[in-house]
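Taking it in order: structure first as structure tokens, then the write-up.
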Amino acid sequence: MTSNPTSPGTSPSDGSPISPQSPPRTLNLPRTRDRSPSPMRGHLIPSPLPTRRTRTFSATVRASEGPVYKGVCKCFSRSKGHGFITPVDGGPDIFLHISDIEGEYVPAEGDEVTYKVCTVPPKNEKHQAVEVKITHLAPGSKHETWSGHIITS
């Protein structure tokens with residue numbers, strides 16, 4: 001009697017018997033890319049805002065050649081990675097991305113900053129702050145460094 005490779009108790013590939021204690025065989029399918037275990041997966045929309053890493057060279061040059069403005073940090077969320085600056089001369093609030101902050105401190109509400117402006121594609125109607133530097137820390141508030149140390153001003 002010959003054993004049928006597809007009969008129960010035999011391995012389909014080589015016809016050898018499979019014991020009940022041996023682990024079940026799995027298919028070797030091509031692996032798909034592993035996903036990170038983000039709790040927000042499926043809820044995030046890719047950001048259309050150009051960060052320092054994705055900004056084109058020409059946009060960086062235009063921004064660096066532009067004038068320096070002064071403003072006050074309206075809000076900033078380190079966990080979200082963005083905030084807003086209120087210009088000293090008035091006008092609408094300017095978007096601030098975490099990648100455009102220069103210096104050792106995380107901006108806090110009330111900090112005086114200097115910045116340059118870059119337009120936001122695709123329509124180039126809105127602006128975002130680039131080369132942001134904190135000039136004066138808000139008095140009486142706690143400030144955090146990027147490494148996590150807390151400093152009271």
Tell me which donor-acceptor pairs under 3.5 Å the side chains of residues 111-118 have, and how far apart each pair is, sequence neighbours excluded?
residue: D111; atom: OD1; partner: A138; partner atom: N; Å: 2.7
residue: D111; atom: OD1; partner: H143; partner atom: NE2; Å: 2.7
residue: D111; atom: OD2; partner: A108; partner atom: N; Å: 2.8
residue: D111; atom: OD2; partner: H143; partner atom: NE2; Å: 3.0
residue: E112; atom: OE1; partner: H136; partner atom: ND1; Å: 3.3
residue: K116; atom: NZ; partner: S64; partner atom: O; Å: 2.7

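When all heavy atoms are compared, the tightest approach of Q128 to I94 is C-CG2, 3.7 Å.
E144 pairs by the side-chain hydrogen bond (donor to acceptor under 3.5 Å, both in side chains) definition with R78, not counting sequence neighbours. Listed by chain and residue number, nothing satisfies the salt bridge (charged side-chain N to carboxylate O under 4.0 Å, His left out) test with K70 (two or more places apart in sequence, or in another chain). Checked against ring pair (Phe, Tyr, Trp, His ring centres under 6.0 Å), F76 has no partners two or more places apart in sequence or in another chain. Applying the side-chain contact (heavy atoms from CB on, under 4.5 Å) rule to S77 yields the partners S79, K80; only residues at least two apart in sequence or on another chain are considered. Residues forming a ring pair (Phe, Tyr, Trp, His ring centres under 6.0 Å) with Y105 (at least two apart in sequence, or on another chain): none. For H127, there are no ring pair (Phe, Tyr, Trp, His ring centres under 6.0 Å) partners, not counting sequence neighbours. By the side-chain hydrogen bond (donor to acceptor under 3.5 Å, both in side chains) test, K74 is found to be paired with D93, residues two or more places apart in sequence or in another chain being considered. Scanning for side-chain hydrogen bond (donor to acceptor under 3.5 Å, both in side chains) contacts around T135 gives an empty result, with sequence neighbours left out.
In this pair, H82 and F84 present their aromatic rings perpendicular. The plane angle is above 60°, beyond the 30 to 60° band.
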Worked check of side-chain contact (heavy atoms from CB on, under 4.5 Å) between W146 and I98: CA-CA 11 Å; W146 292 110; I98 195 169; 3.8 Å; yes
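Between V132 and P107, every side-chain heavy-atom pair lies at or beyond the 4.5 Å cut-off. Within the 4.5 Å cutoff, the side chain of L96 has heavy atoms near those of the I101 side chain.
E104 CD to I134 CD1: the interatomic distance, rounded to the nearest 0.5 Å, is 9.0 Å. Remark: I85 CD1 to C75 SG distance equals 10.0 Å, nearest 0.5 Å.
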